[in-house]
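In this chain, numbering begins with 1 at the start of the sequence shown. What you see is a predicted model, and the numbers here were worked out from it, not measured in a lab.
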Amino acid sequence: MLLWVILLVLAPVSGQFATTHRSVIFLQPPWTTVFQGERVTLTCKGFRFYSPQKTKWYHRYLGKEIPRETPDNTLEVQESGEYRCQAQGSDLSSPVHLDFSSASLILQAPLSVFEGDPVVLRCRAKAEVTLNNTIYKNDDVVAFLNKRTDFHIPNASLKDNGAYRCTGYKESCCPVSSNTVKIQVQEPFTRPVLRASSFQPISGSPVTLTCETQLSLERSDVTLRFCFFRDDQTLGSGCSLSSKFQITAMWSKDSGFYWCQAATTPYGIISNSPRSWIQVQIPASHPVLTLSPEKALNFEGTKVTLHCETQEDSLRTLYRFYHESVPLRHKSVRCERGASISFSLTTEHSGNYYCTADNGLGATPSKAVSLSVTVPVSHPVLTLSSAEDLTFEGAKVTLHCEAQRGSLPILYQFHHEDAALGNRSANSAGGVAISFSLTAEHSGNYYCTADNGFGPQRSEAVSLSVTVPVSLPVLTLNSAEALTFEGATVTLHCEVQRGSPRILYQFYHEDVPLGSSSTPSVGRVSFSFSLTEGHSGNYYCTADNGFGPQRSKAVSLFVTVPVSRPILTLRVPRAQAVVGDLLELHCEALRGSPPILYWFYHEDVTLGSSSAPSGGEASFNLSLTAEHSGNYSCEANNGLVAQHSDTISLSVIVPVSRPILTFRAPRAQAVVGDLLELHCEALRGSPPILYWFYHEDVTLGKISASSGEGASFNLSLTTEHSGIYSCEADNGLEAQRSEMVTLKVAVPVSRPVLTLRAPGAQAVVGDLLELHCEALRGSPLILYRFYHEDVTLGNSSALSGGASFNLSLTAEHSGNYSCEADNGLGAQRSETVTLYITGGKPASDPARSPSDSDSREPTYHNVPAWEELQPVYSNVNPRGENVVYSEVRIIQEKKKHAVASDPRHLRNKRSPIIYSEVKVVSTPVSRSLFLASSAPHR
């Protein structure tokens with residue numbers, strides 16, 4: 001079980017969120033004390049537990065801290081010291097101390113223990129220590145384990161806190177004690193606190209109860225259930241997984257002590273919150289506002305009293321009075337049921353009144369009461385909308401009549417020289433108005449009257465004099481057929497039919513003033529000039545006699561001008577044109593009469609045309625391909641002359657295609673030592689192209705190619721070069737990665753070693769002989785073949801450890817043996833081993849008993865110096881152990897004394913040495929049969 005090591009990081013529980021996002025360290029195995037030479041894997045968990053990423057690690061030992069970084073969130077260590085980690089997006093973790101102990105006896109325990117946890121304490125000893133299976137807590141024996149190593153605490157609680165150790169005995173020495181570990185049982189979550197949306201709710205309002213607690217991050221996967229209580233009575237239907245409880249409405253009877261309970265679902269750890277008092281508040285009732293006296297309220301100067309009263313008693317109620325939502329004044333009364341204010345009426349007192357009562361739980365308003373004060377109208381005031389604009393014919397004038405005081409409604413009448421124009425009734429302040437358009441007959445005096453039932457009141461007279469403005473002028477040209485040529489003279493005439501003198505005339509070309517002229521009477525004026533290209537456009541004139549200028553209709557004048565040489569501009573969305581980009585060819589003649597027809601060319605081939613009806617510019621769009629590189633030009637023509645632009649060159653860059661990676665090796669199967677060529681080629685793309693080569697996403701190198709034939713990278717193969725290869729092509733636009741290609745590098749087999757193994761010290765007819773062949777190097781699978789005098793005996797395949805072939809020996813099996821190893825990259829033949837077989841009997845024959853002194857038993861001799869025996873033992877002792885060699889010669893039964901004593905017999909006969917027995921020093925004598933080399937002895 002992995003244990004969290006950080007306690008202060010708070011997980012989001014019951015509506016609360018973590019106050020810090022501290023990293024946390026896991027241990028595997030979960031012990032902080034292990035033997036030297038063992039390894040512990042640290043796993044760093046950050047705020048986002050599901051996303052392993054780069055992690056920073058810090059190791060402090062003997063006052064020195066060493067930082068490092070891993071690409072994921074794990075780190076394997078085997079050094080004592082203090083470790084911390086920091087995952088991306090999280091704070092630095094708390095330290096974890098690891099002890100790689102050299103002691104012979106250690107006690108292992110989890111670092112963090114929570115209430116309800118099953119806890120295991122493990123006592124571990126080295127070979128020289130015998131456990132007495134005793135566990136101590138605070139130096140008191142708590143358990144005898146009967147040769148078991150684990151002590152179990154099934155359900156941890158505070159009583160299990162303490163210091164633990166275990167003991168044992170060293171062989172033939174003395175008792176030993178393990179390290180001491182301290183167990184401190186912690187709560188899995190904090191004591192809950194009851195929160196309420198309001199602890200003094202208003203009667204009838206809803207209240208939300210929240211049971212807030214915080215799970216330790218080490219127990220963030222624990223599920224909590226919550227219960228809510230009022231005065232020891234469970235609320236709702238019981239406990240649930242929700243930390244909130246909604247009370248739809250609180251009444252006075254619901255006041256009391258409230259508390260909540262949180263408990264873990266799997267372990268049953270229960271914790272209660274402190275009790276909190278909730279008091280339901282009852283606001284004041286709606287007050288009633290009354291006026292007195294009720295029948296004398298329509299006269300100025302009358303004294304009126306406003307009285308505000310609630311329906312229930314209150315020790316202290318604050319009353320406020322309002323007129324049209326504006327507070328008048330307030331009065332606070334003790335042990336009374338109402339309050340009053342009085343004032344004398346004026347015209348400003350008309351309107352709506354209401355009061356509020358507040359007993360500390362919020363103000364409650366009364367219904368509004370309306371009060372109307374009757375006042376005779378004052379003399380009204382007549383005004384004109386804008387005095388400076390009322391003197392010209394056709395203008396719209398507004399007459400406004402208003403009495404500054406007086407009870408509503410008021411009837412207003414308008415008069416012109418004692419002739420009634422009309423009347424309006426006003427039910428609100430602000431007066432009334434009438435509007436009409438002026439004519440010459442509207443000159444004269446105007447006044448108005450106002451009446452609200454106490455007799456009409458008349459305003460002072462206002463005089464109005466109407467003046468006739470000028471009519472719309474008419475603009476004419478002297479000679480329309482001569483206006484199309486540069487240098488011609490044109491005369492503009494401007495004339496009005498009516499208007500009061502004096503009249504000012506102004507001439508305009510496209511809203512730009514050309515000149516002005518003034519006349520004392522109705523008539524016309526003229527303006528002349530010589531035409532240029534810039535004179536094309538609209539002309540108009542204005543006439544003004546002091547009441548604003550009147551504008552004529554526009555007259556168009558078009559001056560025909562040949563086109564100038566156009567300018568071609570190429571527009572692409574980036575500095576360098578790329579296949580797929582949208583190219584805009586923009587052609588513009590800076591002068592020339594419209595309409596202008598533009599033609600666009602690529603290498604003198606027409607792309608298309610575009611017309612500019614009003615002159616100016618035109619564009620043509622192309623979606624670029626590689627074939628669009630080359631020269632571009634455009635032409636402008638307005639029917640008078642055609643003009644051709646300068647030529648512009650465009651080079652279109654082609655992005656590289658996905659490259660293809662191929663292996664080029666001297667054979668079908670790549671073998672260690674071969675020269676491998678990695679060839680990367682993008683079939684499409686503008687040069688130069690930079691090629692990158694990768695092995696298992698590690699960069700091997702880069703090569704730039706200025707042509708389209710790709711690039712190559714050479715490797716002299718080793719076994720480490722097996723794996724996945726890829727390459728990348730980039731010409732500055734967008735890099736493309738090839739598909740992954742897998743390479744397996746094969747290792748040729750080494751020369752195998754043949755070993756012959758028989759059950760006795762001498763090969764005898766009827767024995768079972770094992771031929772074992774093994775190549776110490778070579779990629780599996782290896783096929784082994786066994787030969788006797790170059791005749792194939794059989795074959796066997798093996799992934800490792802070599803292969804064997806068994807023979808039941810006969811006299812014909814004497815001779816030379818060899819084996820061959822082949823993994824498809826070339827066969828290797830072992831050295832030849834010679835086997836000599838003696839005639840024998842079954843194993844049960846007393847003649848083969850080691851105690852028998854019969855002359856058929858072979859005699860063992862050291863090799864005489866004069867034989868100069870030099871056997872080759874390359875197939876013996878392939879592991880380089882310390883060995884002693886013995887050679888055995890056969891002595892024929894009937895001539896054993898002569899053979900043993902006559903050196904010449906050894907010279908004249910074939911070498912009688914049939915095997916060599918190999919004895920490993922300081923170990924029992926092996927019964928395996930190692931045979932002498934086939935090389936001849938001298």
Side-chain angles (χ1 to χ4, degrees), residues 8-21 47 187-217 219-265 268-287 310-320 325 330 332 354-366:
L8 300 180
V9 182
L10 302 180
V13 176
S14 307
Q16 283 196 353
F17 290 88
T19 57
T20 60
H21 301 322
F47 176 55
E187 295 180 347
F189 59 92
T190 60
R191 184 181 183 185
V193 176
L194 181 69
R195 307 292 185 192
S197 56
S198 174
F199 286 99
Q200 292 183 337
I202 304 299
S203 180
S205 63
V207 172
T208 300
L209 302 180
T210 303
C211 195
E212 292 185 353
T213 184
Q214 294 170 337
L215 274 173
S216 171
L217 187 56
R219 291 295 181 266
S220 60
D221 57 343
V222 171
T223 302
L224 296 181
R225 55 182 176 85
F226 300 90
C227 308
F228 295 86
F229 304 89
R230 182 185 73 240
D231 297 331
D232 297 328
Q233 182 179 0
T234 304
L235 298 178
S237 58
C239 301
S240 70
L241 298 180
S242 175
S243 62
K244 294 183 181 296
F245 184 80
Q246 180 73 40
I247 303 175
T248 56
M250 293 282 286
W251 308 103
S252 58
K253 64 181 177 62
D254 296 322
S255 297
F257 284 103
Y258 288 77
W259 54 284
C260 69
Q261 182 184 87
T264 59
T265 298
I269 305 302
I270 300 175
S271 181
N272 298 331
S273 73
R275 300 191 176 212
S276 301
W277 177 263
I278 297 181
Q279 178 65 51
V280 180
Q281 306 294 317
I282 303 175
S285 63
H286 289 280
T310 60
Q311 298 302 310
E312 71 276 341
D313 293 333
S314 180
L315 295 178
R316 183 177 181 84
T317 302
L318 181 65
Y319 294 94
R320 287 188 173 91
S325 301
H330 65 273
S332 179
Y354 68 93
C355 67
T356 62
D358 189 355
N359 66 349
L361 300 177
T364 305
S366 70

Asker: Please give me the minimum heavy-atom distance between Pro365 and Tyr354, naming the atom from each residue.
Answerer: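 Result for this residue pair: CB-CD1, 4.5 Å.
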Asker: Check Cys260 against Cys211 for me: are their SG atoms closer than 2.5 Å?
Answerer: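 Yes, disulfide present: SG-SG under 2.5 Å.
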Asker: Which heavy atom of Asp254 sits nearest to which heavy atom of Ala249, and what is that distance?
Answerer: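 Heavy atoms of Asp254 and Ala249 come nearest at OD2-O, 3.8 Å.
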Asker: State the CD-CE distance between Gln279 and Met250, to the nearest 0.5 angstrom.
Answerer: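 Rounded to the nearest 0.5 Å, the CD-CE separation comes to 9.5 Å.
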Asker: Taking all atoms of both residues into account, what is the closest heavy-atom pair of Leu224 and Leu215, and its distance?
Answerer: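 Result for this residue pair: CD1-CG, 4.1 Å.
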Asker: Restricting to pairs with a member in residues 272-281, which pass salt bridge (Lys or Arg N to Asp or Glu O under 4.0 Å), not counting sequence neighbours?
Answerer: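 As it turns out, the salt bridge (Lys or Arg N to Asp or Glu O under 4.0 Å) pairs with a partner in residues 272-281, which skip direct neighbours, are Asp232-Arg275.
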Asker: Check whether any side-chain heavy atom of Arg191 lies under 4.5 Å from a side-chain heavy atom of Pro274, and answer yes or no.
Answerer: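 Side chain of Arg191 against side chain of Pro274, heavy atoms only: contact under 4.5 Å found.
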Asker: List the atom pairs, with distances to 0.1 Å, where a side-chain N or O of residues 199-206 and a protein N or O form a donor-acceptor pair under 3.5 Å, not counting sequence neighbours.
Answerer:
| residue | atom | partner | partner atom | Å |
| --- | --- | --- | --- | --- |
| Ser205 | OG | Ile202 | N | 3.3 |
| Ser205 | OG | Ile202 | O | 2.5 |

Asker: On a heavy-atom basis, which atom in Val207 and which in Ser198 lie closest, and how many Å separate them?
Answerer: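 For Val207 versus Ser198, the nearest heavy atoms are CG1-O, 4.0 Å.
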Asker: Quick check: does any side chain N or O of Thr208 sit under 3.5 Å from a backbone N or O of Ser197, one acting as donor and the other as acceptor?
Answerer: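 Not a single qualifying donor-acceptor pair exists.
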Asker: Determine whether a donor-acceptor pair (N or O, by modelled atom type, separation under 3.5 Å) exists between the side chain of Thr213 and the backbone of Thr190.
Answerer: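 Side chain of Thr213 to backbone of Thr190: a pair is present.
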Asker: Please determine which of Phe226, Tyr258, Phe228, Trp259 meets the ring-ring contact (aromatic ring centres under 6.0 Å, His included) test together with Phe245.
Answerer: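 Result: among Phe226, Tyr258, Phe228, Trp259, Phe228 is the only option passing the ring-ring contact (aromatic ring centres under 6.0 Å, His included) with Phe245.
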Asker: Donor-acceptor check, side chain of Asn272 to backbone of Gln261, threshold 3.5 angstrom: yes or no?
Answerer: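 Judged by distance alone, no pair lies under 3.5 Å.
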Asker: Which atom pair, heavy atoms only, marks the closest approach of Tyr319 to Ala357?
Answerer: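 Smallest heavy-atom distance, with atoms named: CE2-CB, 3.9 Å.
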Asker: Under the side-chain contact (heavy atoms from CB on, under 4.5 Å) rule, what do Leu209 and Ile278 come out as? Steps first, then yes or no, please.
Answerer: CA-CA 11 Å; Leu209 302 180; Ile278 297 181; 4.0 Å; yes
Asker: Can any side-chain N or O of Thr223 pair as donor or acceptor with the backbone N or O of Thr265 at less than 3.5 Å?
Answerer: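 Flag not set: sc Thr223 to bb Thr265 has no pair under 3.5 Å.
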Asker: Examine distances only and state if a side-chain atom of Ser255 and a backbone atom of Val280 form a donor-acceptor pair shorter than 3.5 Å.
Answerer: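 Side chain of Ser255 to backbone of Val280, a donor-acceptor pair under 3.5 Å: yes, one is there.
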